[in-house]
Amino acid sequence: MTARRRPAAAAPKETTVVEDDFVTKAGGVEIRLPSLSNLPFGLLRKSRNLSKLELMFVVIEDVLTDKQLAAIDKLRNTEITQLVNEWREHSGIDLGES
C-alpha cells in the first residue's frame with residue numbers, strides 16, 4: 001500500500017507594508033493620511049472592536065487638523081469615496097465588505 005501524500009501547504013501570503021503617507025488635496029488643502037497598512041498600534045488597539053468603516057472615521061478624525069476636516073467635510077459622497085479608495089489602494093489593502 002502506498003502512503004498518500006498531502007498536498008503542499010500554500011505559502012503564506014506576503015503582506016506588503018506601505019510606510020509612506022497618502023497625500024492628496026481637498027478644496028486646496030493638503031490632506032495627509034497614514035498608510036492603512038502601517039497604522040500606529042495605539043490607534044488599532046483603541047479601535048479593535050470597530051467596523052472597518054468606523055475605523056476609517058477614527059483614523060481621519062485622529063490625524064487631521066480642524067482645517068483639513070473642514071475641507072473634506074465639504075466633499076460630495078463621490079469625492080470622499082474616491083479619496084478613500086485612493087487611500088486604500090495607496091496602502092495596498094482591501095477593506096472588503098463590513
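Any value given below was found using the heavy atoms of this structure, including those in side chains, with hydrogens, waters and symmetry copies removed.
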Minimum heavy-atom distance Glu30-Gln68, with the two atoms named:
O-NE2, 2.9 Å

Show the nearest heavy-atom pair for residues Arg32 and Val63, with the distance to one decimal.
O-CG2, 4.3 Å

Is it true that Val23 and Met56 fall in one hydrophobic cluster, defined by side-chain heavy atoms closer than 4.5 Å?
no

His90 side chain to Val18 backbone, donor-acceptor under 3.5 Å
no

With side-chain contact (heavy atoms from CB on, under 4.5 Å) as the criterion, how do Val29 and Ile72 come out once you've worked through the C-alpha distance, each side chain's angles and the decisive distance to 0.1 Å?
CA-CA 9 Å; Val29 176; Ile72 67 166; over 6 Å; no

Looking only at heavy atoms, the pair that brings Ser91 and Ser37 closest together is O-OG, 3.2 Å

Shortest non-hydrogen contact from Leu39 to Leu43?
CD2-CD2, 4.4 Å

Between CG on residue Asp73 and CG on residue Leu75, distance to nearest 0.5 Å
8.5 Å

Are Leu44 and Ile93 connected in the hydrophobic side-chain network, where two residues link if heavy atoms are under 4.5 Å apart?
yes

Distance col, row Arg88:CZ vs Phe22:CZ, nearest 0.5 angstrom, shows 11.0 Å

Asp21 and Pro34: which non-hydrogen atoms are nearest, and at how many Å?
OD1-CA, 3.5 Å

Can you tell if the side chain of Leu83 reaches within under 4.5 Å of the side chain of Leu33, non-hydrogen atoms only?
yes

Check for a donor-acceptor pair, side chain of Thr24 on one end and backbone N or O of Ile31 on the other, with a separation under 3.5 Å.
no

Within a reach of under 6.0 Å around CG of Asp66, are more than 12 heavy atoms found that belong to other residues, nucleotides or ligands?
no

Please name the pair of heavy atoms, one in Ser47 and one in Leu55, separated by the smallest distance, quoted to 0.1 Å.
OG-CD1, 3.1 Å

